[in-house]
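One structure below.
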Amino acid sequence: MNPTRPGGVAAWLSAPWLPVAVLLFSSSMWGLSWLPLKAFAEHGLSGPLLAMLTYGLLGVVGLPWLWRERALWLRDKRLLLALVVLGGWGNAAFVSALVLGDVVRVMLLFYLAPVWSVLGGRFFLGEAVSPRRAGAVALALIGAFLVVGGFSVFEAPPSAADLLALTSGMGFAGNNIVSRAAQAIPAATKTVALCLGCALVALLMMAAGAGAPALAMPSGGVIAGLLAYSLIGLALVIVTWQWSVTRLEAGRSGVLAIAELLVAMLTATLIGDETMLPREWLGAALIVAAAVLEATDSAESVSPHHAITTPKEIT
């Protein structure tokens with residue numbers, strides 16, 4: 001086949017619908033990631049251990065890319081270290097939250113990440129906050145308030161899963177802010193650094209007594225599943241995510257990425273037998289509306305090439 005002729009491979013790859021389809025696929029796979037994580041947890045693997053093994057394995061595989069691009073990131077090594085810490089916490093805390101808590105609740109609280117990105121961009125980068133974005137922040141905070149229980153939240157402290165989900169969103173938001181300031185660092189370097197950072201943070205969490213692994217070795221089937229999840233599933237989702245978001249406007253990719261939240265909510269309620277109160281559905285609707293408002297507004301200020309540069313990130 002001649003790839004240059006009409007209808008050939010080159011024309012097919014340049015089709016405007018392809019990045020949209022790929023991003024919807026990648027977002028949907030992110031939304032389904034709770035299924036294997038919960039399955040591994042049933043075999044006694046904690047969230048921090050899962051984060052260390054899966055992301056750490058990808059980070060080790062990506063070390064040659066990190067070394068090859070060292071001349072590009074050595075000048076910004078402090079920014080890269082910040083990405084390691086912030087993105088590493090975001091990934092490790094998110095995986096741990098999914099293992100510990102209700103999927104829908106964790107996903108909704110994580111999706112406050114755009115709020116922290118807007119506030120962090122304003123205070124650390126001096127970015128203007130448009131009325132549209134201010135409205136999105138207000139909607140998201142009201143939605144989160146409803147999700148965690150409304151005024152009853154003052155009667156009992158949030159759970160560990162709630163705190164992990166909230167702070168994982170903060171970690172991703174901080175990573176977004178640093179990533180915009182470190183545009184000279186290649187996306188591949190950022191991705192590998194975040195995977196290694198996730199493994200390091202997860203190791204520190206286990207050293208602190210959070211989700212320390214059991215002494216028994218996992219079975220051969222579990223080990224094979226971990227390898228497949230990391231080197232095939234996780235790698236495929238990261239690569240397709242990166243490929244698609246660099247070919248779409250920031251606002252459009254932000255809206256399409258909400259498929260992750262919707263898929264997670266639907267599958268958790270239909271397959272995972274999770275239930276949501278009317279108050280929680282209202283909170284979810286407000287958070288989704290806020291994400292759409294913020295994502296469409298971001299198209300005015302964020303270049304598509306730097307819209308999303310991490311394994312799992314919301315702008």
*Going only through I, L, V, M, F, W and Y residues with side-chain contacts under 4.5 Å, is there a path from Tyr55 to Leu81?*
no

Original post:
Between Thr167 and Met170, is there a donor-acceptor pair closer than 3.5 Å when you use the side chain of the first and the backbone of the second?
Top reply: no

In this structure, CH2 of Trp30 is separated from CG of Leu23 (nearest 0.5 Å) by 12.0 Å

Closest non-hydrogen atoms of Ala235 and Leu58, given as atom of the first, atom of the second and distance, are CB-CD2, 3.9 Å

Heavy-atom donor-acceptor pair, Ser26 side chain to Val237 backbone, under 3.5 Å
yes

**Item:** Single-linkage hydrophobic cluster, 4.5 Å side-chain cutoff, Leu236 and Val61 together
**Value:** yes

Check your understanding: Is any side-chain heavy atom of Leu18 closer than 4.5 Å to a side-chain heavy atom of Trp243?
Key -> yes

Distance col, row Leu112:CG vs Phe172:CZ, nearest 0.5 angstrom, shows 14.0 Å

query = Is the backbone of Asp162 close enough, under 3.5 Å, to the side chain of Arg105 for a donor and an acceptor to pair up by distance?
reply = no

Between Ser168 and Phe94 the two heavy atoms that sit nearest each other are CB-N, 3.6 Å

Q. Any sub-3.5 Å donor-acceptor pair from Ser230's side-chain atoms to Thr54's backbone N or O?
A. yes

key: Audit row: Trp65, Thr191, side-chain hydrogen bond (donor to acceptor under 3.5 Å, both in side chains) steps and yes/no   = CA-CA 10 Å; Trp65 281 270; Thr191 299; over 6 Å; no

Smallest heavy-atom separation, Asp76 atom then Ala184 atom, equals OD2-CB, 3.7 Å

Given the rule in the side-chain contact (heavy atoms from CB on, under 4.5 Å) test, do Val84 and Leu196 qualify, once you have shown the distances and angles that lead to the verdict? CA-CA 7 Å; Val84 167; Leu196 294 173; 5.9 Å; no

| query | Quick check: does any side chain N or O of Thr269 sit under 3.5 Å from a backbone N or O of Leu266, one acting as donor and the other as acceptor? | reply | yes

Exercise. Could you walk me through whether Trp73 and Leu66 pass the side-chain contact (heavy atoms from CB on, under 4.5 Å) test, one step at a time?
Key: CA-CA 9 Å; Trp73 57 259; Leu66 196 67; 4.1 Å; yes

Looking at Leu24, is its backbone amide N or carbonyl O close enough to the side chain of Ser28 to form a donor-acceptor pair, meaning the two atoms are under 3.5 Å apart? yes

Interatomic distance, CD1@Ile287 vs CG@Leu261, rounded to 0.5 Å, equals 7.5 Å

- Task: Return yes if some donor-acceptor pair links the side-chain N/O of Glu274 with the main-chain N/O of Val103 below 3.5 Å, else return no.
- Result: yes

Worksheet item: Can Met276 and Leu108 be said to form a side-chain contact (heavy atoms from CB on, under 4.5 Å), step by step?
Response: CA-CA 12 Å; Met276 292 179 64; Leu108 289 171; 4.3 Å; yes

Discussion item. Do Met265 and Ile258 land in one hydrophobic cluster if side-chain heavy atoms of ILVMFWY residues count as linked below 4.5 Å?
Written reply: yes

CG of Leu166 to CG of Leu109, rounded to nearest 0.5 Å, is 4.5 Å

d(Leu226 CG, His43 NE2) to nearest 0.5 Å is 9.5 Å

Residues at least two apart in sequence or cross-chain that pass side chain to side chain contact (heavy atoms under 4.5 Å, CB included) with Arg75, listed by chain then number, are Leu72

On a heavy-atom basis, the closest approach of Ala173 and Trp116 is CB-CB, 3.4 Å

> Do Val222 and Leu98 belong to the same hydrophobic cluster, where Ile, Leu, Val, Met, Phe, Trp and Tyr are linked whenever their side-chain heavy atoms lie under 4.5 Å apart, directly or via other members?
Replying inline: yes

#### Entry: Candidate pair Ser179 and Leu83, rule side-chain contact (heavy atoms from CB on, under 4.5 Å), full reasoning
CA-CA 7 Å; Ser179 185; Leu83 293 176; 4.2 Å; yes

Between the CG atom in Leu45 and the CG atom in Leu53, the distance rounded to the nearest 0.5 Å is 7.0 Å

Does any N or O in the side chain of Ser96 come within less than 3.5 Å of the main-chain N or O of Ala93, such that one atom is a donor and the other an acceptor? no

Between Met206 and Pro48 the two heavy atoms that sit nearest each other are CG-CB, 3.7 Å

Between Leu100 and Ala161 the two heavy atoms that sit nearest each other are CB-CB, 4.1 Å

_Within the structure provided, determine whether Tyr111 and Glu260 are in side-chain contact (heavy-atom separation under 4.5 Å)._
yes

Between Leu37 and Leu231, is there shared hydrophobic-cluster membership here, with clusters defined by ILVMFWY side-chain heavy atoms closer than 4.5 Å? yes

Donor-acceptor pair, distance only, cut-off 3.5 Å: does the side chain of Asn91 make one with the backbone of Gly87?
yes

